[in-house]
Visitor: 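First the structure, which I've put down as structure tokens, then a few questions once you've had a look.
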Amino acid sequence: MFFASDNSSPAADEIMSALVAENVGYEKSYGADRAMRKVREHVRSIFEAPEAEVFLVLSGTAANALSLACLCPPWSAVFCHKGSHAQHDECGAPEFYTGGCKLVLVGGTHCKIDPEELQHAIETTGVLGVHNVQRGALTLTNVTEAGTCYTPDEMRRLTDIARTFGVRSHLDGARFANALVNQRCSPADLSWRSGIDVLSLGGAKNGLLGVEAAVLFDPSLAWEFQLRRKRGGHLASKNRFLSAQFGRYLEDGLWLDLAKRANSMAKRLAAGLEALSPGALLHPVEANMVFAQLSRSRHRRALAKGAEYYLWPTTQSLEGDSDELLSARLVCSWSTTQDDVDRLVDAMG
């Protein structure tokens with residue numbers, strides 16, 4: 001009954017087998033390996049982007065922060081949702097790797113940026129010339145921190161607004177596969193066709209041992225990204241073992257199969273929790289995360305029986321005599337089973 005994070009799941013068997021197969025003989029280092037060339041070919045084919053450049057790093061934080069650094073100088077602003085990962089969970093990495101950019105926070109329901117609020121935020125940035133930070137980049141997240149998904153049309157509307165002001169766009173796709181499964185569209189439709197210049201393509205939350213990709217749809221950014229990756233300490237010497245993971249991930253649609261499992265378990269979990277009373281779902285369940293309000297007593301029963309998940313926000317307390325509703329975040333992974341879900345719902349009952 002482990003629903004704390006999809007980061008905590010095991011790596012998929014197919015990924016571990018690919019690593020073992022790669023662990024034979026010698027290979028060139030620092031990204032010159034043959035497996036990396038296959039990864040690049042996979043991405044270019046899947047995303048219908050023959051000129052895209054692809055680089056691997058060990059963490060989503062590195063992928064996001066290094067990508068943003070290529071899009072905006074230190075004296076500029078990064079426009080992001082006020083509940084985004086960039087704002088709450090990167091420990092200042094975007095500011096650090098860009099050399100000091102300012103995060104400009106934008107509102108919107110269910111962690112999706114509101115177009116009118118974005119328009120206002122960009123319009124009112126840099127209006128006093130040298131006295132202000134300038135317009136830098138827009139970063140979107142799909143799947144959002146609320147577990148919701150942008151449609152291609154919603155993304156395009158936001159990136160069109162940004163482009164009107166000369167602002168380029170980045171997509172935090174730590175759960176991109178989950179969003180893609182939800183939207184039932186092509187990877188191109190949910191990325192560069194929606195106005196995205198750089199995509200952080202996640203893997204660790206969806207069955208990989210630990211690797212993320214930066215996909216640069218504008219190849220002119222490639223050399224700068226390589227320099228920033230090396231200078232920032234994120235160029236892996238034995239890149240072949242990152243390539244082996246990502247290559248198998250994209251092969252035969254494995255990445256989408258793993259995401260489908262996680263999304264389907266989240267739907268099952270949401271239905272089970274919604275049937276409990278009193279309680280309610282806080283956001284639409286569109287990927288692999290469920291946000292729900294349940295009574296304190298239900299939480300106590302589930303956690304006492306070994307369930308693992310977070311009260312959200314974590315400042316809430318299980319202590320107290322009242323049986324008030326407490327909010328929780330529950331995350332399903334590729335390895336979550338129907339039995340896991342059903343046992344959790346039963347434990348809360």
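Heads up: numbering here begins at 1 and tracks the sequence.
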Visitor: Does His120 NE2 have over 12 foreign heavy atoms under 6.0 Å away?
Guide: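 Not buried by this count: 12 neighbours or fewer within 6.0 Å.
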Visitor: With a 4.5 Å limit on heavy-atom distance, are the side chains of Glu53 and Gln226 in contact?
Guide: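 No, their side chains stay 4.5 Å or more apart.
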Visitor: Kindly determine whether Leu180 and Cys185 satisfy side-chain contact (heavy atoms from CB on, under 4.5 Å), including the steps that lead there.
Guide: CA-CA 6 Å; Leu180 198 59; Cys185 63; 4.1 Å; yes
Visitor: Determine whether more than 12 heavy atoms belonging to other residues, nucleotides or ligands lie under 6.0 Å from atom CD of Glu51.
Guide: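 Incorrect, the count does not exceed 12.
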Visitor: Considering only NZ, NE, NH1 and NH2 on the basic side and carboxylate oxygens on the acidic side, decide whether Asp33 and Lys238 come within less than 4.0 Å.
Guide: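 No, Asp33 and Lys238 are not salt-bridged.
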Visitor: Is there a path of hydrophobic side-chain contacts, each under 4.5 Å between heavy atoms of I, L, V, M, F, W or Y residues, that connects Leu68 with Phe176?
Guide: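 No, Leu68 and Phe176 fall in different hydrophobic clusters.
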Visitor: Is it true that atom OH of Tyr310 has more than 12 heavy atoms of other residues, nucleotides or ligands lying nearer than 6.0 Å?
Guide: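 Not buried by this count: 12 neighbours or fewer within 6.0 Å.
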Visitor: Starting from Tyr249, can I reach Phe47 by hopping between I/L/V/M/F/W/Y residues whose side chains sit under 4.5 Å apart?
Guide: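 Shared cluster, yes.
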Visitor: Checking Thr98 side chain against Pro94 main chain: does a donor-acceptor pair fall under 3.5 Å?
Guide: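 Side chain of Thr98 to backbone of Pro94: a pair is present.
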Visitor: Counting C-beta onward and ignoring hydrogens, is there a side-chain heavy-atom pair between Phe246 and Leu201 closer than 4.5 Å?
Guide: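 They are in side-chain contact.
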Visitor: Do you know the tightest heavy-atom contact between Ala35 and Glu22?
Guide: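 Closest pair (atom of Ala35, atom of Glu22, distance): CB-OE1, 4.2 Å.
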Visitor: Among Val57, Leu56, Leu58, which residue meets the side-chain contact (heavy atoms from CB on, under 4.5 Å) test with Val211?
Guide: Leu56
Visitor: Is there a path of hydrophobic side-chain contacts, each under 4.5 Å between heavy atoms, that joins Met155 and Val167?
Guide: yes
Visitor: Locate the shortest heavy-atom distance separating Asn206 from Ala177; write the atom from each residue and the value.
Guide: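 Closest approach of Asn206 to Ala177: ND2-CB, 3.7 Å.
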Visitor: List the steps, then state whether side chain to side chain donor-acceptor pair (under 3.5 Å) holds for Thr61 with Glu90.
Guide: CA-CA 6 Å; Thr61 296; Glu90 302 282 30; 2.5 Å; yes
Visitor: Go through Arg248 and Glu14 one step at a time and tell me if the salt bridge (Lys or Arg N to Asp or Glu O under 4.0 Å) criterion holds.
Guide: CA-CA 7 Å; Arg248 182 61 187 93; Glu14 296 90 339; 5.0 Å; no
Visitor: Of all heavy-atom pairs between Cys332 and Ala262, which one has the smallest distance, and what is that distance?
Guide: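 Shortest heavy-atom contact: CB-O, 3.6 Å.
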Visitor: Is there a chain of hydrophobic side chains (I, L, V, M, F, W, Y, each step under 4.5 Å between heavy atoms) that links Leu208 to Met36?
Guide: yes
Visitor: Before you tell me yes or no, could you show the steps for Thr337 and Asp340 under side chain to side chain donor-acceptor pair (under 3.5 Å), namely the whole-Å CA-CA distance, both residues' side-chain angles and the distance that decides it to 0.1 Å?
Guide: CA-CA 5 Å; Thr337 66; Asp340 294 332; 3.0 Å; yes
Visitor: Heavy-atom distance under 4.5 Å between the side chains of Leu158 and Leu140, does that happen here?
Guide: yes
Visitor: Looking at Arg175 and Asn288, what are the two nearest heavy atoms and their distance?
Guide: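 Taking every non-hydrogen atom into account, CD-OD1, 3.4 Å.
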Visitor: Grab the two heavy atoms, one from Arg300 and one from Gly320, that are nearest each other, plus how far apart they are.
Guide: NH2-O, 2.6 Å
Visitor: Can you confirm whether Leu171 sits close enough to Ser200 that some side-chain heavy atom of one is under 4.5 Å from a side-chain heavy atom of the other?
Guide: no
Visitor: Report yes if the side chains of Phe241 and Asn23 come closer than 4.5 Å at any heavy-atom pair, otherwise no.
Guide: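 Side-chain contact under 4.5 Å: yes.
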Visitor: Is it true that, when you exclude Asp13 itself, more than 12 heavy atoms of the residues, nucleotides or ligands shown sit nearer than 6.0 Å to its CG?
Guide: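 Counting neighbours around CG of Asp13, 12 or fewer heavy atoms of other residues, nucleotides or ligands fall under 6.0 Å, so no.
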Visitor: When you group the ILVMFWY residues by side-chain heavy-atom contacts below 4.5 Å and let the links chain together, are Leu269 and Val143 in the same group?
Guide: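 No, separate clusters.
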Visitor: Indicate whether the side chain of Asp153 and that of Thr151 have a donor and an acceptor atom separated by less than 3.5 Å.
Guide: no
Visitor: Any side-chain heavy atom of Leu282 sitting closer than 4.5 Å to one from Trp312?
Guide: no
Visitor: Would you check, one step at a time, whether the test side-chain contact (heavy atoms from CB on, under 4.5 Å) holds for Leu66 with Phe55?
Guide: CA-CA 11 Å; Leu66 291 170; Phe55 303 102; over 6 Å; no
Visitor: Looking only at non-hydrogen atoms, find the nearest pair between Gly99 and Pro74 and report the distance.
Guide: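 Heavy atoms of Gly99 and Pro74 come nearest at O-CB, 3.4 Å.
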Visitor: Flag the pair Lys28 / Asn239 as yes when at least one side-chain heavy-atom distance between them is below 4.5 Å, and no otherwise.
Guide: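 No. Closest side-chain heavy atoms not under 4.5 Å.
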Visitor: Would you call the rings of His283 and Phe291 parallel, tilted or perpendicular, taking 30° and 60° as the class edges?
Guide: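 Correct class here is perpendicular.
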Visitor: Begin with the C-alpha distance, continue with both residues' side-chain angles, and end with the deciding distance and a verdict on side-chain contact (heavy atoms from CB on, under 4.5 Å) for Val215 and Trp192.
Guide: CA-CA 10 Å; Val215 182; Trp192 64 267; over 6 Å; no
Visitor: Taking atom CD of Glu123 as the centre, report whether more than 12 heavy atoms of other residues, nucleotides or ligands fall under 6.0 Å from it.
Guide: yes
Visitor: Is any side-chain heavy atom of Val198 less than 4.5 Å from a side-chain heavy atom of Asp218?
Guide: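 Val198 does not reach Asp218 side chain to side chain.
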Visitor: I'd like to know whether Thr159 forms a side-chain contact (heavy atoms from CB on, under 4.5 Å) with Asp197, so could you lay out the CA-CA distance, the side-chain angles of the two residues, the decisive distance to 0.1 Å, and finally the verdict.
Guide: CA-CA 10 Å; Thr159 59; Asp197 296 292; over 6 Å; no
